Amino acid sequence: MLTTAAVLVVLTACGSQPPSIDAGTTTAVAPTVSPSPSATPTGSIPAPAQRTPEPTVASEPAGDAPSSLAAVPTTTAATAAPEPSAPPAAAPNPEVDDPASITVVVNKRRPLDPIDYFPFGLVLPAVPLAVQEANGLLRGETAAAVEDMFAAAQSDGVGLTVVSGYRSYQDQVSTYNHWVAQNGGNTAAADRISARAGHSEHQTGLAFDVGQSDGACTLSPCFADTAAGQWMAANAHRFGFILRYPGNAEGITGFAAESWHYRFVGEETAAAMRQSGVATLEEHFGLPPAPGY
Ligand SMILES: [Zn+2]
């Protein structure tokens with residue numbers, strides 16, 4: 001069957017499951033993944049989104065940012081170093097650092113913290129899966145948005161499927177090792193097509209690979225030309241999703257174009273990026289490019 005074959009054969013930078021280790025739905029929600037469920041998301045991680053992370057500006061200026069604002073009393077502000085190009089990523093920012101944040105930025109230089117992060121509230125959206133054994137679990141708000149989006153596509157005559165949703169740290173360990181083995185132990189080759197564990201957006205429960213209901217071009221570059229691919233490109237932002245690996249951005253995202261990999265960031269961020277024309281999360285949040293590990 002075309003769909004299955006495509007899923008099995010085609011590689012995806014975000015690390016689609018190799019055939020022999022399809023995550024299935026059995027391991028995904030197993031509480032054994034997280035030794036202390038209650039401690040993982042709430043304990044070691046700074047408070048999620050409710051708290052504004054900036055109340056301590058005075059005591060802790062932005063890391064190594066020019067100290068003009070914080071250190072200089074009131075007089076010589078005019079001599080402030082004119083270096084606005086200093087990396088703004090130095091200061092901790094829960095909005096992009098906290099794995100529980102819907103705008104967390106994960107890439108080859110920004111592993112999840114903790115690296116084996118396990119999202120709470122994974123649910124299976126009530127939408128078609130590409131194949132029966134596909135793992136379609138997603139975080140609650142992401143699943144709800146997927147349901148709304150798929151319904152809208154359906155009313156436009158476009159059938160969508162979920163090819164792959166949440167993948168655990170261990171799933172990704174297996175996936176990555178599979179591709180290393182497939183490439184004769186060449187990790188550089190594997191890195192071009194599969195994320196290392198702890199660096200995959202699929203581990204956040206906020207990302208999924210979308211397919212067309214007839215299985216055309218699943219996880220393949222030609223998906224961009226399908227009705228599903230085009231509908232998603234034109235409409236996903238309305239539901240809070242962005243195309244995470246756009247074309248011509250490998251030097252920033254670390255991966256070549258993936259017209260099927262969508263990431264939930266919320267309607268506000270998706271709309272802002274759409275309006276500004278900024279294509280990557282790294283650029284939107286002023287984070288350094290992550291072409292490699
Ligand atoms: Zn993906």
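Values below: every heavy atom of this structure, side chains too, minus hydrogens, waters and symmetry copies. On a predicted model such as this, the values are computed, not experimentally measured, just so you know. All ligand and atom numbering here is 1-based and tracks the order in the structure.
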Asker: Do Arg192 and Phe255 meet the cation-pi criteria used here (NZ or CZ under 6.0 Å from the six-membered ring centre, within 45° of the axis)?
Answerer: no

Asker: Under 3.5 Å, is there a donor on one side chain and an acceptor on the other for Asn107 and Arg110?
Answerer: no

Asker: Kindly give the atom name of the N, O or S atom of Asp209 closest to the Zn ion (ligand 1).
Answerer: OD1

Asker: Listed by chain and number, what are the ring pair (Phe, Tyr, Trp, His ring centres under 6.0 Å) partners of Phe241, not counting sequence neighbours?
Answerer: Phe208, Phe264

Asker: Which N/O/S atom belongs to His261 and is the closest one to the Zn ion (ligand 1)?
Answerer: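 The atom in question is ND1.
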
Asker: Please enumerate all residues that pass side chain to side chain contact (heavy atoms under 4.5 Å, CB included) together with Ala233, with sequence neighbours excluded.
Answerer: Tyr262

Asker: Do any N/O/S atoms of Glu201 come under 2.8 Å of the Zn ion (ligand 1)?
Answerer: no

